[in-house]
Undergrad: 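Can you read through this structure? Questions will come right after.
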Amino acid sequence: MQNQPYLLLHLLLLLLKYSTGFLPSQSQTQFQSKCQLPMAKTGNHPDYEHLRVMVNGMPGPMATEAAEACLRKGLQLAPVALTGPNIEPCTIVVSDPDTSRSATVRLIPSNKEAEVEMECALEGLRAGVGSKGRVIAIDYTHPSAVNSNGEWYVKQRLPFVMGTTGGDREVLEKTVTDAKLAAVIAPNMGKQIVAMQAALEMLAKQYPLAFSGYSLRMTESHQKTKADTSGTAKAVVGSLLTLSGDDFDVESDINMLRDDESSMAFGVKEDALNGHAFHTYTLTSGDGSVEFELKHNVSGRRIYAEGTADAVMYLSRVLDSGGENKIYTMINVLEEGALE
Amino acid sequence: LSPIALTGPDVESSTINVVDLDTGKSATVRLIPSGSEENMLEAQSSLEGLRAGVGPKGQVIAIDYTHPSAVNSNGKWYAEQNLPFVMGTTGGDRVELFNDVQNANLSAVIAPNMGKQIVAMQAALENLASQYPNAFGGYELKVTESHQKTKADTSGTAKAVIDSLLTLAGDDEFDKENDINMLRDDESSLAFGVKEEDLNGHAFHTYTLTSADGSVEFELKHNVSGRRVYAEGTADAVMFLYRKLKEGNADSGRIYSMINVLEEGALE
């Protein structure tokens with residue numbers, strides 16, 4: 001391995017880079033291209049000047065989309081972020097197509113070898129933003145990394161928004177709660193979908209069997225690679241069954257479309273075939289004279305990316321105002337939106 | 001059903017047979033014209049006879065689907081006769097109606113929309129809008145509705161739903177007077193999904209919320225053909241009122257809404 005003086009020099013170079021935004025030229029470092037931090041520009045959201053968002057999981061599509069959403073909302077990205085353990089360290093440019101805002105991010109693999117580099121980078125970043133500054137992470141990595149990343153965030157006292165599904169959720173929640181670290185952990189980052197789901201849950205709880213005698217039909221379409229129906233859909237069906245008392249089997253009665261022809265006939269655009277979530281629920285009265293229909297159709301990832309950025313901003317506000325260090329959900333994010 | 005009931009002042013007294021097509025159940029009802037003092041005395045005697053017939057444990061409740069011009073005079077008669085009722089007729093002076101009922105300590109269900117499920121849906125949206133206003137900030141609203149040609153305006157229900165959706169979307173641009181796409185010709189209504197036999201009595205509504213970039217769409221429809229949903233809701237309201245009276249709680253003289261009927265359904 002490297003000997004001590006070289007390691008020290010390495011660390012110094014990193015500190016220098018991240019605190020001044022200036023890359024010393026060349027070869028002792030592993031950087032592959034000139035890397036410049038964006039200077040504070042007009043277009044940054046004034047309430048979040050002190051915030052840097054570390055988007056972990058790039059260049060994965062969901063993480064990248066989330067990073068773009070942050071830029072779109074005027075947030076500043078951290079110039080370093082974690083990537084998969086087997087990915088070569090590299091520097092990417094994230095660019096939001098709508099606003100053309102962009103940022104350069106150095107991706108550091110999440111493996112033992114790079115762990116020190118990552119920690120130093122984070123320290124350097126924190127030093128750079130000063131005592132009033134704040135770093136929050138977004139995690140769109142991989143189910144197999146959920147728990148180890150959770151532990152790393154706890155170790156670094158780094159508040160985060162966990163967009164990655166899977167892993168052991170109970171362990172994740174316990175780890176975070178025991179450490180009294182603030183985080184947003186939500187299975188669905190699509191804020192509007194969560195709002196709709198909550199509304200139906202409330203309705204079912206307040207007026208169960210209001211739609212007694214109505215029968216339920218449900219059709220959904222997702223990309224071919226998604227074998228099962230979404231958790232969201234199952235939850236919505238649950239509420240509708242409480243409302244109608246219909247005998248409907250979630251395992252067998254949902255009409256699942258997984259071929260291009262059916263999906264397109266259902267309204268999915270060709271360029272969204274590989275990433276979409278379309279749902280239609282219909283409640284029909286016993287005599288057929290009354291019909292209620294609810295649709296939620298999502299193409300692509302933007303709704304989740306935007307919800308994730310909203311969650312980051314929420315977490316920043318909570319921490320700035322001295323809020324509790326605990327786990328927050330999308331419902332909290334929604335509720336707080338009401339106070340704006 | 002009660003074997004006697006009130007009909008319009010200009011209708012000849014007659015006896016009709018009411019039949020439910022689904023179950024085949026039927027009942028004979030003598031219709032007594034309302035209006036003149038003589039007629040109302042006959043109605044009162046008949047009601048007294050009916051009450052004597054069902055005995056002290058019996059209960060008579062009225063349903064009113066008459067005419068806006070009769071709402072208040074009927075309300076006063078029900079108050080005089082201490083006859084609990086469900087007011088399905090719209091119009092009239094609602095404030096006066098409420099006052100008459102409250103002053104007489106009478107119980108009644110008075111609701112603008114007897115379609116129980118529609119009211120539930122409306123309440124859910126109102127709750128959502130008040131809990132998470134602007135949750136759909138940046139989304140654009142579009143509304144299309146179809147009713148029978150004789151209905152000039154959009155329904156009060158639709159306007160209330162739109163208010164909730166606008167609170168959710170923060171859409172300042174939507175104008176309820178101009179931006180609702182109202183279908184009032186047969187061709188458009190049929191294309192919208194209305195069946196031919198329902199052209200003369202239906203209420204179809206579709207509301208769409210679309211994200212600014214077009215990648216997310218929420219759609220809500222409530223399509224009613226004919227009158228049954230209101231009739232069923234009315235019957236539900238009668239049963240609700242009966243249960244309330246039987247419980248004999250201290251709420252003597254309370255006016256209930258469809259929301260109360262819905263809430264109480266939860267306790268069954």
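We use all heavy atoms of the structure for the numbers below, so side chains are in, but hydrogens, waters and symmetry mates are not. Chain letters run A, B, ... following the sequence lines, proteins first, then strands; residues in each count from 1.
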Undergrad: Drop me the distance from B:Asn223's CG to A:Ser285's OG, to the nearest 0.5 angstrom.
TA: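 It is 11.0 Å, given to the nearest 0.5 Å.
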
Undergrad: Within the side chain of B:Gln117, is there an N or O that forms a donor-acceptor pair under 3.5 Å with the backbone of A:Ala210?
TA: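 Side chain of B:Gln117 to backbone of A:Ala210: a pair is present.
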
Undergrad: Considering non-hydrogen atoms only, spot the tightest contact between B:Ala120 and A:Leu203 and give its length.
TA: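 Shortest heavy-atom separation between B:Ala120 and A:Leu203 comes out as O-CD1, 3.5 Å.
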
Undergrad: With respect to A:Tyr207, which candidate in B:Met121, B:Lys116, B:Glu263 satisfies the side chain to side chain contact (heavy atoms under 4.5 Å, CB included) definition?
TA: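 Between A:Tyr207 and the candidates, side chain to side chain contact (heavy atoms under 4.5 Å, CB included) is satisfied uniquely by B:Glu263.
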
Undergrad: Heavy-atom count check: over 12 atoms from other residues, nucleotides or ligands less than 6.0 Å from B:Asp179 CG?
TA: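 Enclosed: over 12 neighbouring heavy atoms sit under 6.0 Å from CG of B:Asp179.
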
Undergrad: If you compare all heavy atoms of B:Ser215 against all heavy atoms of A:Arg302, which two are closest, and at what distance to 0.1 Å?
TA: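 Distance-wise, the nearest heavy atoms are OG-CB, 4.1 Å.
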
Undergrad: Can you confirm whether B:Lys195 is buried at NZ, in the sense that more than 12 heavy atoms of other residues, nucleotides or ligands lie under 6.0 Å from that atom?
TA: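 Counting other residues, nucleotides and ligands, NZ of B:Lys195 stays at 12 neighbours or fewer.
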
Undergrad: Within a radius of less than 6.0 Å around CG of B:Asp22, do more than 12 heavy atoms belonging to other residues, nucleotides or ligands occur?
TA: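 Buried by this count: over 12 neighbours within 6.0 Å.
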
Undergrad: Work out which heavy atom in B:Ala135 is nearest to a heavy atom in A:Leu334; give both atom names and the distance.
TA: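 The pair with the smallest heavy-atom distance is CB-CD2, 3.6 Å.
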
Undergrad: Is chain B contacted by the side chain of A:Leu200, its backbone, both, or neither, given a heavy-atom distance below 4.5 Å?
TA: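 No part of A:Leu200 comes within 4.5 Å of chain B.
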
Undergrad: Any heavy-atom pair between the side chains of A:Phe292 and B:Lys221 that's under 4.5 Å?
TA: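 A side-chain contact is absent here, since even the closest heavy-atom pair is not under 4.5 Å.
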
Undergrad: In terms of heavy-atom proximity below 4.5 Å to chain A, should B:Ala123 be classed as side chain, backbone, both, or neither?
TA: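 Only the side chain of B:Ala123 comes within 4.5 Å of chain A.
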
Undergrad: Check whether more than 12 heavy atoms from other residues, nucleotides or ligands sit under 6.0 Å from atom CD of A:Glu201, and answer yes or no.
TA: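 Atom CD in A:Glu201 is not crowded, with 12 or fewer foreign heavy atoms closer than 6.0 Å.
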
Undergrad: Return the option, out of B:His205, B:His222, B:Glu232, B:His202, with the maximum number of heavy-atom pairs under 4.5 Å with chain A.
TA: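 Option with the top pair count is B:His222.
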
Undergrad: Mark yes when over 12 heavy atoms from residues, nucleotides or ligands other than B:Glu197 sit less than 6.0 Å from its CD; otherwise mark no.
TA: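 More than 12 heavy atoms, drawn from other residues, nucleotides or ligands, come within 6.0 Å of this atom.
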
Undergrad: Can you establish whether the number of heavy atoms outside A:Met202 located under 6.0 Å from its atom CE is more than 12?
TA: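 Counting neighbours around CE of A:Met202, more than 12 heavy atoms of other residues, nucleotides or ligands fall under 6.0 Å, so yes.
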
Undergrad: Quick check on A:Tyr214 against chain B: is it the side chain, the backbone, both or neither that has a heavy atom closer than 4.5 Å?
TA: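 Contact with chain B: side chain only.
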
Undergrad: Check each atom of B:Tyr207 against the heavy atoms of chain A and say whether the ones under 4.5 Å are side chain, backbone, both or neither.
TA: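 It is neither, since no heavy atom gets under 4.5 Å.
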
Undergrad: Is the count of non-hydrogen atoms from other residues, nucleotides or ligands lying under 6.0 Å from B:Arg94 atom CZ greater than 12?
TA: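 It does: B:Arg94 CZ has more than 12 such atoms within range.
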
Undergrad: Evaluate whether atom CD of B:Glu126 has more than 12 neighbouring non-hydrogen atoms of other residues, nucleotides or ligands under 6.0 angstrom away.
TA: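 12 or below, so no.
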
Undergrad: To check you understand the geometry: which heavy-atom pair defines the closest contact between B:Arg228 and A:Ser289, and what is its length?
TA: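 Answer, listing the atom of B:Arg228 first, then A:Ser289: CB-OG, 4.0 Å.
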
Undergrad: If you count heavy-atom pairs under 4.5 Å with chain A, which of B:Asn127, B:Asp213, B:Leu125 comes out on top?
TA: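 Option with the top pair count is B:Asp213.
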
